[in-house]
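Notes follow once the structure below has been shown.
Below, all heavy atoms of this structure are taken into account, side chains as well, without hydrogens, waters or symmetry copies. The chains referred to below are lettered A, B, ... by the order of the sequence lines, with proteins before strands, and numbering in each begins at 1. From a predicted model like this one, the values you see are computed outputs, not experimental measurements.
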2 protein chains.
Amino acid sequence: MTPQPGSAGDVLTLISAGSATTRSDLARLTGLARSTISQRVDALIERGLVEETESGESTGGRPPRQLRLHTEDHAFAGVDLGATHCRVALMDISGNVLAECEDSLLISEGPENVLAHVDQRLDQLLARARRPRGVLRAVGIGVPGPVEFATGRPNNPPIMPGWNDYPVPEYFGGVNVLVDNDVNVMALGEHRNAFPGINHLLFVKVGTGIGCGIVADGKLHRGAQGSAGDIGHIRVSGHEDAGCRCGNSACLEAVAGGAAIARRLTELGLPAETGADVVALVQSGNTQALRLVREAGRLIGEVLASLVNFFNPEVIVIGGALSRVHEHLLAGIRETVYRRSLPLATHHLSITPSRTGIAAAALGAGLLAIEHYLSPDNINRIVNA
Amino acid sequence: MTPQPGSAGDVLTLISAGSATTRSDLARLTGLARSTISQRVDALIERGLVEETESGESTGGRPPRQLRLHTEDHAFAGVDLGATHCRVALMDISGNVLAECEDSLLISEGPENVLAHVDQRLDQLLARARRPRGVLRAVGIGVPGPVEFATGRPNNPPIMPGWNDYPVPEYFGGVNVLVDNDVNVMALGEHRNAFPGINHLLFVKVGTGIGCGIVADGKLHRGAQGSAGDIGHIRVSGHEDAGCRCGNSACLEAVAGGAAIARRLTELGLPAETGADVVALVQSGNTQALRLVREAGRLIGEVLASLVNFFNPEVIVIGGALSRVHEHLLAGIRETVYRRSLPLATHHLSITPSRTGIAAAALGAGLLAIEHYLSPDNINRIVNA
DNA sequence: AGGTCTTTGTTCGATCTTCGGCGGAAGTTG
DNA sequence: CAACTTCCGCCGAAGATCGAACAAAGACCT
């Protein structure tokens, strides 16, 4: 009796992860007989999940037929909804982006309007990629607020008026829809794209506000209420005067977020409103702005130092609008983290800017959808249907 | 084809978790045929892992034969090594304590001496429970310092001279030995014993120092270097003058740990050395001590407030020596956490004293061993051998 | 008390999976 | 171009699982 690794879903997982590209690989990895593997692969091919490509390199004998996910008959979408933008990426089953688009969109216009816009963009992208609507298997959506992941309903989001408890998945009828916090999907995108082998990773988004996506043991940690990673309202010392929109004072976000820096710059006579304005000032070489960004980095670093001791990640990725000036932000963060965290925890810790950049959220949202669809359970359901 | 849940290991897991106590239960839960289940159960009985007890209650038909883990032929031990004590619990396969003992033992005497002592105690406990040494299947050990869990080697532990990189499991020859940080095993013990249904839990140990065990998704989170949960050296605001043994200042442990409180009391003319002295003073009604404990609670609460925002646990358990005066400690902690954490995260959060108490560490260490032994993979290995 | 009903557990043949050897296919190497 | 290697499909054998039939053990009704 085999110890367990053998279902069609497991086989597909190995193919999709790139662990195996041939039938022989699969036999070696699963321990199943070659004939059994062939049978599984046949079933997957018949369902349109896997395809054979040209023969690969010979290693001295008959060259193996390469296997890969069938990219034609399946499409997925990742949707990145921000306070003022909407970015949609259409992806194939391997996670490659087929088409994408971005435009301005106020999330405050409410779920009906926003989701109608998303739906329209989905149609456009599908048309551009010349795929019928029917191949769209699942959609992942990242939204700027807390979500009850299991039901896809926003949970008292502060900047999404009208969205509270709105059943987002129902809007799209049959298609599988997964809704998550934007920082979570960014963390997922960054992890899968740039750090696939890392077990424990933190993705810190520094934009108008500050949030953090947590990858623990390769999976997103959402916490009990789905509010994990909300580090923007952690208190930092020495800033009791800084009031925060949450009602408390000295919140990290209220002293080191893009909006807070912009306000400080305005007070100094340098008009700035958003994180983008701050970035522009820094890039223009303004030393005041530079100093404030670096100081913000120190404050963020102070909080991260605590979290490093607590969570002991292998990698911390800094993303979000302000990471465009990451040299200065990172300098402050690194300085503080390496000073205030324990040596054991920092010894192998690396703190880097996002390698995935602006696309991380849409990508991560799409990957959320793809991984859901490719989960062994779901694949077994499809194959045995 | 069954979607997967069927191996002997899976069946045993259901029995050990209490999810199923009869063959019919197993058939219902796994979806396998009754005859298949009987076959699996027979194999488990033959290997001495499961036993039948008297018939249970009839529900209108033939009463089912009850199944449970076979308690006679298997024993496990949990060892709680502190700086100055050694506690050993001998447990059966269901996690019941068969015999236990505790005595003073300086961990600073080095691994050879300490482990010889443990080994001797194991023999005594086995004799007391009238079991031959051969039934001891696995041993879990909690030690007061960081450990590389995979190898069971202490990793530069500050208060365990001579233990660095010592291969603890090798000392016991054939028996399976799992070594982990003491706070981790306490968290495990508390979780399994008092909060089995909870997914995300923090166990905070307030003793001489301060540490935290993390249960995420029902499993221990150890972090990249196994140093996760080391919250004793998180910085707290407004105490820059308090130097810590780690070389930094304003560490939580340096201002709110038992040793720190004792020192402050001594400065106030109330001689105290250890956390136990502090507890004694509080219990004698000393208001200075009471005030300091409550203030320590506030400082711990400040750190926990950050961690609640970040990790979003369902339960925080307070344990360790100082939790003997938990009313005062908890008052300070709750006060600060509920003030400084986000409502979404605190809404369903409960902060409670340890229900498992002094035995949590030895219990948790034993459970670590038992769960390792009962893991489906290991059971399948045993049954198919 | 005795018959009927319900639920449990076992036995056993039928069916479905998986295994592994064989032979053909498709390359490489000398 | 012959020998070798690796890959892949085919097929009979071995093994696992199922489900029907039957026996066991108690509840329930008359």
- Think B:S24 has a side-chain N or O under 4.0 angstrom from the OP1 or OP2 of C:dG9? yes

- Using whole Å, report how far CD of A:E52 lies from C1' of C:dA25. 14 Å

- Message: Under 4.0 Å, counting only non-hydrogen atoms across every strand here, what does A:T59 touch: a base, just sugar-phosphate, or nothing?
- Response: sugar-phosphate

- Task: Give a yes/no on whether any side-chain N or O of B:Q39 is located under 4.0 angstrom from OP1 or OP2 of D:dA16.
- Result: no

- Distance below 4.0 Å between A:R23 side-chain N/O and D:dT6 OP1 or OP2: no

- Query: According to a strict under-4.0 Å criterion, is A:S38 in side-chain N/O contact with OP1 or OP2 of D:dG9?
  - Reply: yes

- Query: How close or far is atom P of C:dC16 from atom CG of B:L32, stated in whole angstroms?
  - Reply: 17 Å

- Task: Measure from the side-chain heavy atoms of B:P64 and tell me the nearest of D:dC7, D:dC18, C:dT8.
- Result: C:dT8

- Of B:G60 and A:R34, the one whose closest DNA chain C nucleotide lies more 5': B:G60

- Pairwise distance CG(A:L12) to CD1(A:I382) - rounded to 0.5 angstrom: 9.0 Å

- Task: Could you tell me the separation between the CG atom of B:L26 and the P atom of C:dT10, rounded to a whole number of Å?
- Result: 12 Å

- Task: Starting from P on C:dA26, measure out to CD on A:Q66 and report it in whole angstrom.
- Result: 17 Å

- Message: Under 4.0 Å from OP1 or OP2 of C:dT17: is there any side-chain N or O of A:R40 that close?
- Response: no

- Message: On the side chain of A:R62, is there an atom forming a donor-acceptor pair with the base of D:dT6 - under 3.5 Å, no angle test?
- Response: no

- Item | Cationic N near anionic O, under 4.0 Å, B:E52 to B:R23 | yes

- Message: Whether B:E190 and B:R355 form a salt bridge (side-chain N of Lys/Arg under 4.0 Å from carboxylate O of Asp/Glu) is what I want to check.
- Response: no

- Task: Grab the CD1-P distance between A:I37 and D:dG9 for me, whole Å please.
- Result: 12 Å

- Message: For B:H221 together with A:H221, are the ring centres under 6.0 Å from each other?
- Response: no

- Message: Looking at A:R222 and A:D180, is any side-chain nitrogen of the basic one under 4.0 Å from a carboxylate oxygen of the acidic one?
- Response: yes

- Query: Is the distance from OP1 or OP2 of C:dT7 to the nearest side-chain N or O of B:S58 less than 4.0 Å?
  - Reply: no

- Round to the nearest Å and state the distance from A:D42 atom CG to C:dT18 atom C1'. 15 Å

- B:T36 side chain N/O closer than 4.0 Å to the phosphate oxygens (OP1, OP2) of D:dC18? yes

- Counting just side-chain N and O atoms, does B:R65 come under 4.0 Å of either OP1 or OP2 of D:dG26? no

